[in-house]
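Both counts, for ligands and for their atoms, begin at 1 and track the order of listing. Residue indices begin at 1 and follow the sequence shown.
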Amino acid sequence: MNILVINCGSSSLKYQLIDSDSEKVLAKGLCDRIGIDGSAISHQKDGGEKVTTEVAMPDHTAAVKFVIEKLTDPEVGVVKSLSEIDAVGHRIVHGGEKFAGSVILTEEVMQAIEECNDLAPLHNPANLIGIRSCEEIMPGVPMVGVFDTAFHQTMPPKAYLYGLPYGYYEKHKVRRYGFHGTSHDFVSKRVAEILGKNVEDLKIIVCHLGNGASISAVKNGQSIDTSMGLTPLEGLIMGTRSGDLDPAIVTFIAEKEGISTQEVINICNKKSGVLGLSAGFSSDFRDLAQAAEDGNGQAEIALETYAYRVGKYIGAYAAAMNGVDVIAFTAGAGENNAQVRALVGQYIGFLGTNIDPEKNKVRGEEVILSDEGSKVVTMIVPTNEELAIARETLRLVNA
Ligand code: AMP
């Protein structure tokens, strides 16, 4: 079965066409600047060159049309016609408390997703537009929604409640939801497969360290806590997001700088994290690691602060699960950046991780980093959210 995986943002649309039998990516690409001047589609077929075409894409429906054009193109395409696309899997950011798993997208489901728009005002409307556009261009093709929040719906109230008046939870559903669920789910299951164990017998801490970053405590195959909250702003220090803050800082900065609280929140989302800590140098861990090595003190401060926060969360989640068997690093920096892993390693040795500096040099591969016989197995497990969405789509379409 050929499954088209769609990840729709407010002005972008990422796609992959995956053959579910071989789990091979047949083609992938990105429509960028949708609805803005200078929109373009970059498309790459397996084994081929990336081709970028500048085309006017006034809306997401136009973008989906170009995706289909590329996928069926005699030269750069991989299928003959639309009829060879058997199903579509959509990444959806927020499912609130309504969705604890993936679902076939029906009109009723779409309405329920729309009711979660308040919780993710930038993301969910864009996801819905992507679904509607696919419906228009590919009528009758089954579609599945896979939620970033669903995997974390197993968290107990003590993990998802904030220390706020309970009425805010009852009235407005203010609680921790967590994100990157598809990745935390995929990686924790893969950990068990690699180790030849049952995920239900393991306590796993998954460190998803990408541009956005989150960490989760997965006990017996279920998420019991995670660092992102009502929104993806909470938790770890990220590329451009601040992570945990004293909430009083928001009004304090607003008053001092003469800006609105919404502007402060924007700064917390877009100008903070390692970008902010490095005094605007970079949000990219490759740049920061190189600069720190070259003696850039501000880059060093950013990396140290970042790694310290990750280390603290690992300690907290080991306590939350009353122990830990495996710590898995994943996503861009977690998979590729030896320096970040080594810095985090400084704080978690007491758990019995024994990270071997030689093995830690590995990039982007499934590898066990800790010495044999270590009390806690530390490993790299590359994530693959698109494949996880394709698998979920296949499972539901075949059900
Ligand atoms: P993601 O959001 O998962 O794509 O991760 C993006 C982050 O991963 C960026 O900060 C990159 O600097 C980092 N990253 C990606 N590839 C590498 C690499 N080869 N070496 C070091 N860091 C990397």
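Residue contact check for ligand 1: G239 places no non-hydrogen atom closer than 4.0 Å to it. Under a 4.0 angstrom heavy-atom cut-off, S283 registers as being in contact with ligand 1.
In this structure, the side chain of D244 engages the main chain of G235 through a donor-acceptor pair within 3.5 Å.
At a heavy-atom cutoff of 4.0 Å, ligand 1 is contacted by the side chain of R363 but not by its backbone. Under 4.0 angstrom from ligand 1, there are no non-hydrogen atoms of A289.
In terms of polar-atom proximity, A331 is not counted as a contact of ligand 1, lacking any N or O under 3.5 Å from an N or O of the ligand. Every N/O-N/O distance between G212 and ligand 1 stays at or above 3.5 Å.
To the nearest 0.5 Å, the span separating CD1 on I237 from OH on Y313 amounts to 10.0 Å. Remark: H123 NE2 to N117 CG distance equals 12.0 Å, nearest 0.5 Å.
Looking at atom 17 (C) of ligand 1, its nearest protein heavy atom turns out to be N336 CB, 3.4 Å. Looking only at heavy atoms of the protein, atom 21 (C) of ligand 1 is closest to R286 CG, 3.3 Å. For atom 3 (O) of ligand 1, the closest non-hydrogen atom on the protein side is G332 N, 2.9 Å. The nearest protein atom to atom 2 (O) of ligand 1, hydrogens excluded, is given as N211 N, 2.8 Å; this is a heavy-atom distance.
Between the side chains of S102 and E392, a donor-acceptor pair is found at a separation under 3.5 Å. Side-chain contact, S216 with H180: no donor N or O sits under 3.5 Å from an acceptor N or O.
Short contacts between ligand 1 and G210, defined as distances under 4.0 Å to a heavy atom of the residue, involve ligand atoms 1 (P), 2 (O), 3 (O), 5 (O). Close approach of ligand 1 to D284 (heavy-atom distance below 4.0 Å) involves ligand atoms 10 (O), 11 (C), 12 (O).
Note: H172 and Y168 have parallel aromatic rings, judged against thresholds of 30 and 60 degrees for the angle between ring planes.
In this structure, R175 satisfies the cation-pi test against Y177, with its NZ or CZ atom closer than 6.0 Å to the six-membered ring centre and inside 45 degrees of the ring normal.
Looking only at side-chain heavy atoms (C-beta outward), L236 and V310 come within less than 4.5 Å of each other.
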